[in-house]
Amino acid sequence: MKTLVALSAGALLVTSTAFAAGNGDLMTSVPSSSLTVTDWYKQTVYDPNNNKIGEVMDVLVGPGGQVNAAIVGVGGFLGVGDKDVAVNFNSIKKSVKDNKVYLTMDTTKDALKNAPGFKYDSTKTSWVPDTSNK
(Lines give C-alpha, C1' and ligand atoms only; values in the text may rest on other atoms or scores of the structure.)
Protein backbone atom coordinates (compact mmCIF):
# COMPACT_ATOMS: atom_id res chain seq x y z
CA MET A 1 0.00 0.00 0.00
CA LYS A 2 2.88 2.37 0.85
CA THR A 3 4.34 1.66 -2.60
CA LEU A 4 1.05 2.59 -4.30
CA VAL A 5 0.84 5.82 -2.30
CA ALA A 6 4.46 6.65 -3.13
CA LEU A 7 3.92 5.96 -6.84
CA SER A 8 0.74 8.05 -6.88
CA ALA A 9 2.48 10.94 -5.12
CA GLY A 10 5.39 10.70 -7.57
CA ALA A 11 3.04 10.72 -10.56
CA LEU A 12 1.22 13.74 -9.13
CA LEU A 13 4.53 15.55 -8.60
CA VAL A 14 5.68 14.81 -12.16
CA THR A 15 2.31 15.91 -13.58
CA SER A 16 2.34 19.12 -11.52
CA THR A 17 5.88 19.90 -12.60
CA ALA A 18 5.05 19.28 -16.26
CA PHE A 19 1.99 21.52 -15.99
CA ALA A 20 3.96 24.28 -14.29
CA ALA A 21 6.72 24.06 -16.91
CA GLY A 22 4.19 24.34 -19.77
CA ASN A 23 2.15 27.24 -18.40
CA GLY A 24 3.85 29.75 -20.71
CA ASP A 25 0.96 29.25 -23.15
CA LEU A 26 -1.73 29.99 -20.59
CA MET A 27 -3.33 33.41 -20.53
CA THR A 28 -4.67 35.27 -17.55
CA SER A 29 -6.77 37.58 -19.73
CA VAL A 30 -8.05 37.76 -23.29
CA PRO A 31 -6.83 40.61 -25.52
CA SER A 32 -9.60 43.19 -25.92
CA SER A 33 -9.15 43.16 -29.70
CA SER A 34 -9.97 39.42 -29.89
CA LEU A 35 -12.91 38.32 -32.00
CA THR A 36 -14.79 35.06 -31.69
CA VAL A 37 -15.14 32.70 -34.66
CA THR A 38 -18.84 32.32 -33.82
CA ASP A 39 -19.32 35.82 -35.26
CA TRP A 40 -18.57 34.28 -38.68
CA TYR A 41 -19.23 30.53 -38.57
CA LYS A 42 -22.68 29.56 -39.93
CA GLN A 43 -23.57 33.24 -40.39
CA THR A 44 -25.34 34.61 -43.44
CA VAL A 45 -23.35 36.81 -45.83
CA TYR A 46 -25.02 39.69 -47.70
CA ASP A 47 -24.02 41.77 -50.72
CA PRO A 48 -23.89 45.59 -50.52
CA ASN A 49 -27.58 45.71 -51.57
CA ASN A 50 -28.63 43.59 -48.56
CA ASN A 51 -29.25 40.45 -50.66
CA LYS A 52 -28.30 37.13 -49.09
CA ILE A 53 -25.42 35.66 -51.10
CA GLY A 54 -24.27 32.77 -48.92
CA GLU A 55 -23.33 31.40 -45.53
CA VAL A 56 -19.94 30.92 -43.89
CA MET A 57 -19.42 27.16 -43.74
CA ASP A 58 -15.88 27.10 -42.36
CA VAL A 59 -13.06 29.39 -41.25
CA LEU A 60 -9.55 28.33 -42.31
CA VAL A 61 -6.48 28.95 -40.18
CA GLY A 62 -2.95 28.89 -41.60
CA PRO A 63 0.00 27.11 -39.99
CA GLY A 64 1.02 30.34 -38.22
CA GLY A 65 -2.38 30.62 -36.54
CA GLN A 66 -3.71 33.45 -38.70
CA VAL A 67 -7.20 33.17 -40.18
CA ASN A 68 -6.68 33.41 -43.93
CA ALA A 69 -9.79 32.12 -45.71
CA ALA A 70 -13.45 31.35 -45.31
CA ILE A 71 -15.55 28.79 -47.10
CA VAL A 72 -18.85 30.31 -48.18
CA GLY A 73 -21.77 28.12 -49.20
CA VAL A 74 -23.74 29.64 -52.07
CA GLY A 75 -26.81 28.71 -54.06
CA GLY A 76 -28.92 25.64 -53.71
CA PHE A 77 -32.08 24.90 -51.84
CA LEU A 78 -32.23 22.51 -48.89
CA GLY A 79 -28.73 21.28 -49.66
CA VAL A 80 -29.38 20.57 -53.35
CA GLY A 81 -27.34 22.50 -55.91
CA ASP A 82 -25.25 24.30 -53.32
CA LYS A 83 -21.59 25.09 -53.83
CA ASP A 84 -18.80 25.91 -51.40
CA VAL A 85 -16.27 28.52 -52.50
CA ALA A 86 -13.14 29.88 -50.83
CA VAL A 87 -12.84 33.62 -50.22
CA ASN A 88 -10.19 35.76 -48.61
CA PHE A 89 -11.22 36.10 -44.99
CA ASN A 90 -10.54 39.86 -45.04
CA SER A 91 -13.10 40.31 -47.83
CA ILE A 92 -15.90 39.60 -45.36
CA LYS A 93 -16.78 42.71 -43.38
CA LYS A 94 -18.41 42.34 -39.97
CA SER A 95 -20.76 44.85 -38.40
CA VAL A 96 -23.62 44.75 -35.95
CA LYS A 97 -27.17 45.43 -37.11
CA ASP A 98 -30.18 45.18 -34.77
CA ASN A 99 -27.89 43.71 -32.09
CA LYS A 100 -26.89 40.83 -34.41
CA VAL A 101 -23.71 40.07 -36.33
CA TYR A 102 -24.09 41.23 -39.92
CA LEU A 103 -21.59 40.07 -42.57
CA THR A 104 -21.18 41.64 -45.99
CA MET A 105 -18.98 41.08 -49.04
CA ASP A 106 -18.46 43.42 -51.96
CA THR A 107 -19.50 40.79 -54.51
CA THR A 108 -22.58 39.17 -55.99
CA LYS A 109 -24.20 35.78 -55.63
CA ASP A 110 -23.50 35.12 -59.33
CA ALA A 111 -19.80 35.87 -58.86
CA LEU A 112 -19.68 33.34 -56.02
CA LYS A 113 -21.59 30.76 -58.07
CA ASN A 114 -19.04 31.17 -60.89
CA ALA A 115 -16.03 30.78 -58.57
CA PRO A 116 -14.20 27.45 -58.32
CA GLY A 117 -15.91 25.07 -55.91
CA PHE A 118 -14.38 23.16 -53.02
CA LYS A 119 -15.45 20.13 -51.02
CA TYR A 120 -14.39 18.94 -47.61
CA ASP A 121 -12.26 15.79 -47.67
CA SER A 122 -12.66 14.16 -44.26
CA THR A 123 -9.75 11.77 -44.87
CA LYS A 124 -7.39 14.73 -45.38
CA THR A 125 -9.33 17.00 -43.00
CA SER A 126 -9.02 19.79 -45.54
CA TRP A 127 -10.91 21.50 -48.35
CA VAL A 128 -9.97 20.30 -51.84
CA PRO A 129 -11.07 21.42 -55.32
CA ASP A 130 -14.48 20.02 -56.23
CA THR A 131 -14.09 18.43 -59.65
CA SER A 132 -17.53 16.77 -59.67
CA ASN A 133 -19.04 19.52 -61.87
CA LYS A 134 -16.32 19.49 -64.52
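Both backbone and side-chain heavy atoms feed into the values below; hydrogens, waters and symmetry mates do not. In this text, all values refer to a predicted model and were calculated from it rather than measured experimentally. Position 1 is the first residue of the sequence, and the numbers go up from there.
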Undergrad: Other hydrophobic cluster members with I71, side-chain heavy atoms of Ile/Leu/Val/Met/Phe/Trp/Tyr under 4.5 Å, chained?
TA: M57, L60, F118, Y120, W127
Undergrad: Can any side-chain N or O of K83 pair as donor or acceptor with the backbone N or O of A115 at less than 3.5 Å?
TA: yes
Undergrad: Test: salt bridge (Lys or Arg N to Asp or Glu O under 4.0 Å). Region: residues 46-70. Which pairs qualify, not counting sequence neighbours?
TA: none
Undergrad: How would you list all residue pairs meeting salt bridge (Lys or Arg N to Asp or Glu O under 4.0 Å) that involve residues 59-76, not counting sequence neighbours?
TA: none
Undergrad: Please list all pairs meeting side chain to side chain donor-acceptor pair (under 3.5 Å) that have one or both residues in residues 95-111, counting only residues at least two apart or in different chains.
TA: N50-Y102
Undergrad: Members other than V45 in its cluster, when Ile, Leu, Val, Met, Phe, Trp, Tyr link by side-chain heavy atoms under 4.5 Å?
TA: L35, V37, W40, I53, V56, V59, V61, V67, V72, V74, V85, V87, F89, I92, V101, L103, M105, L112
Undergrad: Would you confirm whether S34, through its side chain, and P31, through its main-chain N or O, come within 3.5 Å as a donor-acceptor pair?
TA: yes
Undergrad: What residues, two or more places apart in sequence or in another chain, satisfy salt bridge (Lys or Arg N to Asp or Glu O under 4.0 Å) together with K94?
TA: D39
